[in-house]
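Please read the structure below before turning to the comments.
On a predicted model such as this, the values are computed, not experimentally measured, just so you know. Note: hydrogens, waters and symmetry copies are ignored here, and every other heavy atom, side chains too, is used.
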Amino acid sequence: MKLRDALGRCPTELLIGGEWRPASDGRRIDVHDPATTEPLASVASAAENDAVDAVSAAARALPGWAATPARERSAVLRRAYELMTERAEYFATLITAENGKALADARAEVAYAAEFFRWYSEEAVRLAGTVQHAPAGGYRILVDRAPIGVAVLITPWNYPAAMATRKIGPALAAGCSVVLKPASDTPLTALATGALLAEAGAPAGVVNVLPADRSGAVVTAMLDQPAVRKLSFTGSTEVGRRLLHGAADRVLSTSMELGGNAPFLVLADADLDDAVRGAMLAKMRNGGEACTAANRFYVHESVAEEFASRLAEAMGALRMGPGLDEGTEVGPLVNAAARAKVDELVRDAVDRGARVRTGGRIPDRAGHYYPPTVLDRVAPDSALLSEEIFGPVAPVVGFRDESEAVRLANATEYGLVSYLYTRDLRRGLALAGELESGMVGLNRGLVSDPAAPFGGVKQSGLGREGGHEGVLEYTETKYIATGW
Ligand code: NAP
């Protein structure tokens with residue numbers, strides 16, 4: 001689809017209570033194209049009183065939506081899945097335009113995002129409680145599940161569609177109404193998703209979308225409203241920590257999907273072709289701008305040289321260019337700050353002695369490009385082994401034995417996902433148990449699946465999204481001691 005047509009169809013005002021309206025103080029956000037740095041669109045930027053209005057609209061819509069038969073809520077989500085799938089090119093074009101990722105990555109994101117609507121349309125009609133005999137006899141323990149209430153959803157720029165549907169899908173399935181605050185770099189996809197849900201039949205006020213560049217003030221204003229009972233956040237650990245402090249004042253239920261620092265372990269017996277294919281997925285999906293991106297490659301010293309050179313060959317061969325060009329495999333990074341951080345991490349590693357196998361330099365062209373980069377002989381104190389790189393950079397470090405590999409893998413405050421390649425499945429399962437992460441890719445470079453519980457341990461988060469667990473995050477457990 002042509003960019004002009006996609007932009008022409010996309011709403012640019014706030015969605016509050018079923019109406020599109022400008023910010024009360026007229027403020028706007030300029031959305032930029034990372035491939036050119038040129039402005040793409042201007043979007044309304046909510047003020048604090050708009051945020052209060054959005055929560056009120058969600059609170060008014062809540063009782064009706066919570067009382068709507070699950071079968072009907074399910075049908076709305078199913079229709080949203082169908083509409084998003086039919087309009088995949090529209091959504092992919094918007095995602096690429098505002099985020100920069102290659103169209104192939106954006107199309108994969110749309111398919112993934114739509115699947116959350118389908119999965120939760122199926123979960124909506126399967127929310128069951130339990131009944132049991134009280135052990136002492138005399139009554140029954142009846143456990144029911146009720147929608148938790150109005151949910152505030154905050155999403156990052158790296159998956160502007162999927163991070164929104166991964167929250168909206170289960171919230172609507174459970175009977176909650178929501179206010180979505182997307183990242184300021186990528187509000188267009190969120191606004192298009194809001195319009196799509198209205199068309200799919202979500203009643204006015206059930207889904208409100210509120211772009212806001214005064215994020216702190218606007219989110220605080222929402223969390224201060226007594227109607228809000230849930231905060232679901234995806235973003236950096238730093239902002240997540242701050243929001244947890246804010247949520248504590250009102251004892252809000254929180255779900256936190258935070259940063260990662262994924263280790264990718266290649267044991268001596270691994271199938272190297274398979275490991276390099278997995279590494280390309282784990283590192284280069286979304287150009288490295290993924291919380292699940294492999295951040296550190298620990299490879300047995302007997303195969304480290306071979307692995308680094310094969311990975312460098314594969315990464316060096318990727319075509320970098322504007323995401324909207326069909327042949328592009330790696331687009332630009334989202335903004336200038338993201339690229340500056342990646343470059344700083346690479347410079348630091350090189351200053352400490354790392355060898356550049358491919359890439360490693362900002363190209364001389366417009367746009368926020370950084371080339372696919374492989375470094376080996378990386379010193380242990382290099383910052384990119386402890387910080388999230390969030391770009392197309394793969395540092396390779398050799399290890400001597402498996403206990404050293406697990407120790408290195410676990411030496412981080414993060415614990416979202418780990419990857420492990422070995423031909424010995426029994427050994428692999430035993431090591432997977434030792435890795436401190438909420439998810440493990442065992443001989444797989446991709447773990448994300450709407451049917452699976454996605455989430456981290458340690459400072460990578462609280463709670464799970466996806467699977468059956470995802471819908472439970474939007475419910476409150478109610479126990480009724482019942483004389484029978
Ligand atoms: P971020 O800076 O933490 O921002 C995330 C969201 O929070 C944005 O909507 C942002 O709005 C908002 N925000 C920023 N400061 C805020 C504040 N003081 N109060 C309330 N909201 C605030 O993260 P990002 O740079 O967009 O995304 C990258 C991070 O997300 C990485 O760390 C990545 O690992 C993580 N992530 C995690 C997962 C997961 O599932 N675990 C998935 C994807 C990404 P503005 O844009 O307006 O600042």
Side-chain angles (χ1 to χ4, degrees), residues 1-7 10 31-38 40-41 84-85 87-115 156-165 183 185-186 188-190 192 276-295 311-336 338-339 342-343 358-359 361-363 365-374 389-394 445-446 448:
M1 173 181 261
K2 286 208 164 51
L3 174 60
R4 200 172 351 107
D5 296 339
L7 292 175
C10 183
V31 183
H32 290 92
D33 177 354
T36 61
T37 73
E38 297 294 325
L40 275 175
M84 193 172 255
T85 305
R87 297 180 193 162
E89 282 305 296
Y90 165 55
F91 277 91
T93 305
L94 286 181
I95 292 171
T96 292
E98 60 182 354
N99 166 281
K101 67 177 76 174
L103 258 183
D105 277 326
R107 289 178 180 133
E109 180 185 345
V110 176
Y112 177 52
E115 279 301 332
W157 47 260
N158 65 339
Y159 285 95
M163 295 304 95
T165 62
D185 280 321
T186 56
L188 297 171
T189 308
V276 170
R277 265 195 304 276
M280 289 298 286
L281 250 182
K283 179 75 256 180
M284 292 309 299
R285 182 165 160 258
N286 232 32
E289 291 180 307
C291 53
T292 50
N295 210 59
L311 185 60
E313 195 183 328
M315 280 179 55
L318 293 173
R319 262 165 308 176
M320 187 170 73
L324 287 172
D325 289 2
E326 282 291 348
T328 291
E329 291 167 297
V330 191
L333 296 179
V334 70
N335 57 34
R339 180 173 72 170
V342 171
D343 189 50
T358 188
R361 240 173 231 303
I362 291 180
R365 63 190 288 179
H368 308 303
Y369 291 96
Y370 200 88
T373 296
V374 176
I389 303 170
F390 239 61
V393 178
L446 176 67
S448 304

Of all the heavy-atom pairs spanning [X] and [Y], show the shortest one and how long it is.
X	Y	result
Leu40	Ala97	CD1-O, 3.2 Å
Glu109	Ala162	OE2-N, 2.9 Å
Pro332	Gly100	CD-O, 3.2 Å
Leu94	Cys10	CD1-SG, 3.9 Å
Pro156	Thr186	O-OG1, 4.1 Å

Taking the side chain as every heavy atom from C-beta outward, state whether [X] and [Y] have any pair of such atoms under 4.5 Å apart.
X	Y	result
Pro372	Val330	yes
Leu7	Leu188	yes
Asn99	Asp185	no
Met280	Leu318	yes
Pro392	Met320	no
Ile95	Tyr159	no
Asp33	Glu98	no

Side-chain ([X]) to main-chain ([Y]) donor-acceptor, under 3.5 angstrom:
X	Y	value
Thr165	Ala113	yes
Thr292	Ala290	no
Thr328	Pro322	yes
Thr189	Pro160	no

Of all residues at least two apart in sequence or in a different chain, which pass the side chain to side chain contact (heavy atoms under 4.5 Å, CB included) check with Ala88? Val110
What's the spacing between [X] [atom1] and [Y] [atom2] if we round to 0.5 Å?
X	Y	atom1	atom2	result
Thr93	Arg87	OG1	CZ	13.5 Å
Glu329	Met284	CD	CE	9.0 Å
Leu281	Leu446	CG	CG	5.5 Å
Phe390	Cys291	CZ	SG	6.0 Å
Leu333	Tyr369	CG	OH	10.5 Å
Thr36	Arg365	OG1	CZ	11.5 Å

Give the intermediate values and the outcome of side chain to side chain contact (heavy atoms under 4.5 Å, CB included) for residues His368 and Val334. CA-CA 7 Å; His368 308 303; Val334 70; over 6 Å; no
Take Leu324 and Leu3 through the test side chain to side chain contact (heavy atoms under 4.5 Å, CB included) and record every step on the way to the result. CA-CA 8 Å; Leu324 287 172; Leu3 174 60; 4.1 Å; yes
Using side chain to side chain donor-acceptor pair (under 3.5 Å), reason through Asn286 and Asn158 one step at a time and then give a plain yes or no. CA-CA 8 Å; Asn286 232 32; Asn158 65 339; 5.6 Å; no
Show every salt bridge (Lys or Arg N to Asp or Glu O under 4.0 Å) that has at least one partner inside residues 276-290, sequence neighbours left out. Asp274-Arg277
